[in-house]
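For reference, positions follow the sequence shown, starting with 1.
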Amino acid sequence: MSFDLVLFGGTGDLAWRKLLPGLLQAHRHGTLPPGGRIIGVARDAMADEEYRALIGKRLADVEADKRPSEEEFARFAQLLHYQRMDLTQPADYALLRERLAERSAKVVVMYLATAPQLFTTACEQLGAAGLATPQTRVVLEKPLGHDLASNRAINAAVRRVFREEQIFRIDHYLGKPSVQNLLALRFGNALFEPWWRRETIASVEITIAEQLGVEQRGHFYDRTGALRDMVQNHALQLLCAIAMEPPINASADAIRDEKLKVLRSLTPWTPESLAQGVVRGQYGTGQVAGRQVAAYREEPGVAADSRTETFVALRTGISNWRWAGVPFYIRTGKRLASREGHIAIHLRPTPHAIYRTPLVCGANRLVIHLQPRDGLALHLFAAANEPRGGPPGAHSGEAPALTPVALDLDFDQRFGAERVGAYERLLLDAIDGRLNLFVRADEQEAAWQWVEPIMQSWAAQDARGEGPRPYAAGSWGPGAASALVARDGNTWVEEC
């Protein structure tokens with residue numbers, strides 16, 4: 001299938017760190033459809049060969065497993081082309097139309113890896129230039145808006161040009177193999193469904209932790225923060241995958257209908273739950289991986305008096321029959337103790353204890369690992385093999401002691417490390433027209449509606465001079481995050 005992929009922001013950070021390595025991997029794996037062309041778009045003036053040389057130089061700096069050999073890049077580079085454009089100038093869209101008319105590709109994908117404020121302008125100009133044809137698909141990077149109103153405005157503007165089935169709102173977490181395994185775990189196995197409910201599950205923990213700070217993205221991050229950058233999209237999509245009802249089939253709308261029901265069932269915020277159930281923090285100096293790092297306010301591009309959160313922990317619930325009364329905890333942050341992404345399903349204790357169990361909280365839970373490794377571990381109790389002459393009463397009818405054990409499955413070892421990455425999967429799906437792993441407009445709107453009271457509460461705190469809680473870089477965030485779960489008698493996984 002011939003395709004043209006027009007990469008707006010073709011010289012930007014996202015393009016060379018994620019998008020072009022993903023396309024290179026697809027080319028390496030032989031899954032990129034033949035007859036394709038990748039057109040990088042940016043404001044700089046350069047020829048195709050100059051663009052290829054620039055990308056080749058930048059790809060030499062990516063992770064070793066994604067770095068191409070000279071021969072691999074030479075083959076891939078033949079797909080790369082360049083078009084100088086100012087996205088505010090109609091004449092430049094006419095030039096792009098001429099470039100695309102050089103051949104009749106079956107599919108044209110417009111990937112907007114640009115600042116969100118350019119989405120509306122770019123889509124309107126694509127429509128005015130006659131580039132929004134039935135063969136065109138548009139991919140929108142997050143964040144799609146800054147709040148509910150801006151999200152609605154962007155979606156309305158895009159839908160005036162493109163039909164909903166042509167719009168691919170990307171959340172790269174949905175392309176991760178670990179998230180695909182999460183859906184397969186739930187809906188491909190009969191084992192879990194009977195106990196995937198409040199009668200068996202005591203609580204659910206979603207953690208997305210990063211050791212990195214804001215790196216060179218301080219100017220962007222200081223206007224965004226952890227709530228918009230991670231919770232509103234990635235974390236809530238993971239919550240939906242955990243909590244959704246089984247869809248009637250594997251079609252895009254069947255899956256997205258069920259996710260939407262979860263978002264609309266999230267417990268509404270009240271002044272009391274906002275005060276007790278949300279923690280925001282900002283990292284200070286500290287030791288991370290053995291080296292001293294700067295505080296957030298000392299990062300390039302960050303205001304010296306910034307009140308932007310780099311950490312969020314919250315407690316919520318889902319108001320339906322399956323999940324009523326089960327607390328869901330979400331935690332994400334930068335400059336934390338380790339790079340760790342997991343979902344921990346904590347099971348209720350047995351109704352009557354007949355064994356001697358150790359005082360640990362690490363058993364009776366299922367942990368789905370998302371990063372840095374992809375796998376799952378089922379933590380159980382098993383009978384300890386006590387030798388003869390063991391503790392008094394061991395041979396007088398008393399039940400044996402139990403010890404924690406784990407059934408641990410590493411998907412990278414099982415399936416091999418050379419697996420399809422998130423952006424590789426999503427780019428191939430966009431070219432192929434598969435919407436299953438992309439977010440629908442009503443999902444986004446429901447997510448923004450739910451987080452907006454948190455943003456409003458923080459704005460009121462800022463007005464009173466109450467900023468985010470400080471935490472040391474290299475820690476697990478403010479102490480209030482531990483208190484958040486302790487009020488329910490629970491702990492975070494690493495505290496067990």
Side-chain angles (χ1 to χ4, degrees), residues 182 186 192-193 195-209 226-227 230-232 234-245 258-259 261-281 309 311-333 336 340-351 360-370 376 378-379 446-447 449-451 453-454 457 469 476-496:
L182 170 58
R186 284 206 56 196
F192 298 105
E193 177 58 26
W195 57 263
W196 208 268
R197 57 192 69 247
R198 62 185 176 85
E199 289 84 0
T200 307
I201 294 176
S203 65
V204 178
E205 169 193 334
I206 299 171
T207 290
I208 308 171
L227 185 70
M230 297 296 293
V231 175
Q232 182 272 333
H234 302 329
L236 287 185
Q237 286 293 320
L238 292 175
L239 185 149
C240 288
I242 284 292
M244 64 190 277
E245 295 296 320
E258 297 303 333
K259 289 195 294 177
K261 291 177 186 177
V262 174
L263 292 168
R264 288 177 173 171
S265 299
L266 289 171
T267 305
W269 294 106
T270 65
E272 293 75 19
S273 63
L274 285 167
Q276 295 292 317
V278 181
V279 176
R280 66 167 171 162
E309 77 286 354
F311 176 94
V312 177
L314 58 85
R315 179 196 190 278
T316 188
I318 299 173
S319 301
N320 63 24
W321 276 36
R322 182 184 289 266
W323 297 111
V326 177
F328 283 73
Y329 307 108
I330 292 174
R331 174 180 58 164
T332 185
L336 297 181
E340 173 68 24
H342 64 252
I343 301 169
I345 314 293
H346 298 272
L347 306 179
R348 297 189 184 280
T350 54
V360 298
C361 59
N364 278 317
R365 74 180 185 213
L366 173 67
V367 180
I368 302 159
H369 294 283
L370 306 173
L376 61 91
L378 183 59
H379 297 263
Q449 283 180 314
W450 187 74
V451 302
I454 303 175
S457 171
R469 298 171 184 266
W476 278 104
S482 295
L484 174 75
V485 297
R487 282 193 287 270
D488 297 324
N490 297 323
T491 63
W492 299 103
V493 160
E494 78 282 348
E495 296 173 337
C496 284

Using 0.5 Å steps for rounding, measure from the [atom1] atom of [X] to the [atom2] atom of [Y].
| X | Y | atom1 | atom2 | value |
| --- | --- | --- | --- | --- |
| Glu193 | Arg186 | CD | CZ | 6.0 Å |
| Leu336 | Trp476 | CG | CH2 | 6.0 Å |
| Ile206 | Leu239 | CD1 | CG | 4.5 Å |
| Leu378 | Ile345 | CG | CD1 | 11.5 Å |
| Thr207 | Ile343 | OG1 | CD1 | 9.5 Å |
| Leu370 | Ile208 | CG | CD1 | 7.5 Å |

How close do [X] and [Y] get, heavy atom to heavy atom, and via which atoms?
| X | Y | result |
| --- | --- | --- |
| Ile330 | Ala235 | CG2-CB, 3.7 Å |
| Ile318 | Leu266 | CG1-CD2, 4.1 Å |
| Ala202 | Pro327 | O-CD, 3.2 Å |
| Trp195 | Thr200 | O-CB, 3.2 Å |
| Val493 | Arg365 | CG1-NH2, 3.9 Å |
| Ser273 | Pro268 | OG-O, 4.3 Å |

*Could you check if a side-chain atom of His346 sits within less than 4.5 angstrom of a side-chain atom of Val204, using non-hydrogen atoms only?*
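They are not in contact (no side-chain heavy atoms under 4.5 Å apart), so the answer is no.
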_Flag side-chain contact, heavy atom, 4.5 Å: Cys240 against Leu263_ =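 A side-chain contact under 4.5 Å exists here.
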*asked:* Given the ring of Trp323, does Arg197 sit roughly above its face, with NZ or CZ under 6.0 Å from the centre of the six-membered ring and within 45° of the axis?
replied: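 Output no; distance or angle outside limits.
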Has the side chain of [X] got a donor or acceptor atom that lies under 3.5 Å from a matching backbone atom of [Y]?
| X | Y | value |
| --- | --- | --- |
| Arg315 | Val485 | no |
| Ser265 | Lys261 | yes |
| Thr332 | Val312 | no |
| Trp269 | Trp450 | yes |
| Glu309 | Ala226 | yes |
| Arg322 | Met244 | no |
| Arg198 | Trp321 | yes |

*Between Glu205 and Ser203, is any side-chain donor less than 3.5 angstrom from a side-chain acceptor?*
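Judged by distance alone, the side chains do not pair up.
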_Distance-only polar pair, side chains of Glu495 and Ser482, donor-acceptor under 3.5 Å_ =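 Judged by distance alone, the side chains do pair up.
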*asked:* What I want to find out is whether Glu258 reaches Arg264 closely enough, with some N-O distance under 4.0 Å, to be called a salt bridge.
replied: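 No, Glu258 and Arg264 are not salt-bridged.
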